[in-house]
Amino acid sequence: MKISCETPEGEGLVSAGPLPREAREAVYQTIHSRRDVRDQFLPDPLPDDLVRRLLEAAHAAPSVGFMQPWSFILIRDAETKARAHAAFLTANDEAAAMFVDEQQALYRGLKLEGIRKSPLSIVVTSDPDRAGPVVLGRTHNPKMDLYSTVCAVQNLWLAARAEGVGVGWVSIFRDEDVRALLGIPERVEIIAWLCLGYVETLYSEPELAIKGWRQRLPLEDLVFEGRWGEPKPA
């Protein structure tokens, strides 16, 4: 199939001007008030139409080569969540042993998942074969499908914040345990186990910052001009 790079003037184009001020403010408010939720979930189930909106937001994410590598596994079953929680506990004990002294004590005091408390889990995966063996934009960086799927996670997370839904990303698992539990093929990457549920309260700052694990870095220390390590001129 021959792909034409010629597009008639105006075809498929829409206005690219800034959003109205209220809409812009809402976007930034959503970004800055988003939190990783682990323990504030309410038991109320999420309506199907709301879940659909969140998935549509995720599916609207940008993807390199328009490969759309993501898939979403919805988990509401208590037994499946209990088995996932058991897998988390095993991995969490292994993780705790990697820290020492006061840091290990602090780690063990943190709540790092809401698998059983949240009414819904969504496991997000990335299929490297979704767009075939050669993908526009992935020819020199084979990880672009993974990065694209993370964009879908972020879209879902921000949409959830706007809807009053909390999201928690559980990353402390052995991949093989989740694969066995959910029947995920070896070739498919597991990107995120997300816990979702309504929340009435959120931390005013990231929980790990409030509890003393780590603080937000100054943006000025992370911005370079022209070359790595070159600070922006004053």
Side-chain angles (χ1 to χ4, degrees), residues 31-42 73 75 78-126 141-147 149-154 156-158 160-161 166-182 184 186 188-197 199 201-224 227-231:
I31 290 170
H32 289 293
S33 63
R34 182 213 56 82
R35 295 289 177 264
D36 193 354
V37 177
R38 301 180 177 103
D39 199 34
Q40 292 81 47
F41 294 111
L42 301 176
I73 306 172
I75 300 165
E79 181 179 351
T80 301
K81 290 196 287 185
R83 292 174 61 188
H85 182 258
F88 162 81
L89 291 178
T90 298
N92 195 49
D93 283 342
E94 295 171 348
M98 299 178 189
F99 300 99
V100 297
D101 303 330
E102 294 86 356
Q103 196 173 33
Q104 184 180 106
L106 178 56
Y107 180 94
R108 292 190 180 278
L110 295 171
K111 174 142 178 89
L112 298 177
E113 53 76 35
I115 298 170
R116 293 182 299 178
K117 191 170 184 180
S118 60
L120 173 67
S121 285
I122 299 180
V123 174
V124 185
T125 63
S126 179
N141 188 340
K143 298 179 180 178
M144 294 310 297
D145 49 310
L146 307 181
Y147 302 155
T149 304
V150 172
C151 289
V153 172
Q154 181 76 339
L156 186 152
W157 212 331
L158 294 176
R161 175 65 192 96
V167 177
W169 185 332
V170 186
S171 60
I172 305 170
F173 284 116
R174 297 172 177 168
D175 262 21
E176 58 267 29
D177 291 341
V178 178
R179 289 186 192 283
L181 178 60
L182 303 180
I184 299 172
E186 284 291 331
V188 173
E189 293 280 353
I190 301 167
I191 302 300
W193 184 298
L194 303 177
C195 303
L196 290 85
V199 291
T201 60
L202 291 171
Y203 283 99
S204 59
E205 297 290 335
E207 183 178 355
L208 293 183
I210 287 177
K211 295 187 175 178
W213 182 262
R214 189 171 173 82
Q215 300 303 309
R216 191 181 300 279
L217 300 173
L219 178 60
E220 292 73 19
D221 295 347
L222 309 175
V223 178
F224 305 137
R227 291 177 60 84
W228 173 267
E230 294 291 336

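Just so it is clear, the values below take in all heavy atoms, side chains as well, and ignore hydrogens, waters and symmetry mates.
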J.: I'd like to know if Glu79 pairs up with Lys81 as an ion pair, taking the criterion as any Lys NZ or Arg NE/NH1/NH2 lying under 4.0 Å from an Asp or Glu carboxylate oxygen.
T.: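 No, Glu79 and Lys81 are not salt-bridged.
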
J.: Decide yes or no on side chain to side chain contact (heavy atoms under 4.5 Å, CB included) for Leu219 and Val223, but give the supporting numbers first.
T.: CA-CA 7 Å; Leu219 178 60; Val223 178; 3.8 Å; yes

J.: Checking the side chain of Asp101 only, and the main-chain atoms of Gln103 only, is there a donor and an acceptor separated by less than 3.5 Å?
T.: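 Here the side-chain-to-backbone pair does not exist.
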
J.: Donor-acceptor check, side chain of Gln104 to backbone of Ala96, threshold 3.5 angstrom: yes or no?
T.: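 Yes; at least one donor-acceptor contact below 3.5 Å.
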
J.: Nearest 0.5 Å, what's the NZ-CG distance between Lys143 and Asp145?
T.: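 Going from NZ on Lys143 over to CG on Asp145, the span is 11.0 Å.
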
J.: Between Leu208 and Arg214, is any pair of side-chain heavy atoms under 4.5 Å apart?
T.: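 Side-chain contact under 4.5 Å: no.
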
J.: Tell me, do Leu194 and Leu156 make a side-chain contact under 4.5 Å, heavy atoms counted?
T.: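 Yes, side chains in contact.
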
J.: How many angstroms lie between OG1 in Thr149 and OH in Tyr147, if you round to the nearest 0.5 Å?
T.: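 Atom-to-atom, Thr149:OG1 and Tyr147:OH are 12.0 Å apart.
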
J.: Nearest 0.5 Å, please: how far is OG1 in Thr80 from CD1 in Ile115?
T.: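 Between Ile115 CD1 and Thr80 OG1, I get 11.5 Å after rounding to 0.5 Å.
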
J.: When you measure from the side chain of Arg35 to the backbone of Ser204, do you find a donor-acceptor pair of N or O atoms at a distance under 3.5 Å?
T.: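 Answer holds: yes.
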
J.: Do Val170 and Leu112 come close enough that some side-chain heavy atom pair is under 4.5 Å?
T.: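 Heavy-atom side-chain distance check fails, nothing below 4.5 Å.
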
J.: Verify the distance criterion only: is there a donor paired with an acceptor across the side chains of Trp193 and Ser171 at less than 3.5 Å?
T.: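 No, Ser171 and Trp193 have no side-chain donor paired with an acceptor closer than 3.5 Å.
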
J.: So Ile75 and Leu120, do their side chains get closer than 4.5 Å, heavy atoms only?
T.: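 Side-chain contact under 4.5 Å: no.
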
J.: For Phe99, give me all partners under ring pair (Phe, Tyr, Trp, His ring centres under 6.0 Å), at least two apart in sequence or on another chain.
T.: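 Once residues adjacent in sequence are excluded, the partners of Phe99 under the ring pair (Phe, Tyr, Trp, His ring centres under 6.0 Å) criterion are Tyr107, Trp213.
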
J.: Will you find, in the side chains of Arg174 and Thr90, an N or O donor that is under 3.5 Å from an N or O acceptor?
T.: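 No - no donor-acceptor pair under 3.5 Å links their side chains.
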
J.: Do side-chain atoms of Glu205 reach the backbone of Ile210 as a donor and acceptor pair under 3.5 angstrom?
T.: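 A pair under 3.5 Å: no.
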
J.: Report yes if some heavy atom in the side chain of Val167 is under 4.5 Å from a heavy atom in the side chain of Ile122; otherwise report no.
T.: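 No, their side chains stay 4.5 Å or more apart.
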
J.: Could you list the residues that satisfy salt bridge (charged side-chain N to carboxylate O under 4.0 Å, His left out) with Arg38, not counting sequence neighbours?
T.: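 Result, salt bridge (charged side-chain N to carboxylate O under 4.0 Å, His left out) vs Arg38: Asp36, Glu207.
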
J.: Has Glu189 got a side-chain atom pairing as donor or acceptor with Ile191's backbone, closer than 3.5 angstrom?
T.: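 Not confirmed, Glu189 side chain does not pair with Ile191 backbone.
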
J.: Could you check whether any side-chain heavy atom of Leu158 comes within less than 4.5 Å of a side-chain heavy atom of Arg34, counting everything from C-beta outward?
T.: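 Answer yes - side chains close enough.
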
J.: Mind checking whether Leu196 and Pro119 have side chains closer than 4.5 Å, heavy atoms only?
T.: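 Counting from C-beta outward, Leu196 and Pro119 never come under 4.5 Å.
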
J.: Given 3.5 Å as the limit, does a donor-acceptor pair link the side chain of Lys211 with the main chain of Leu110, or not?
T.: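 It does not hold such a pair.
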
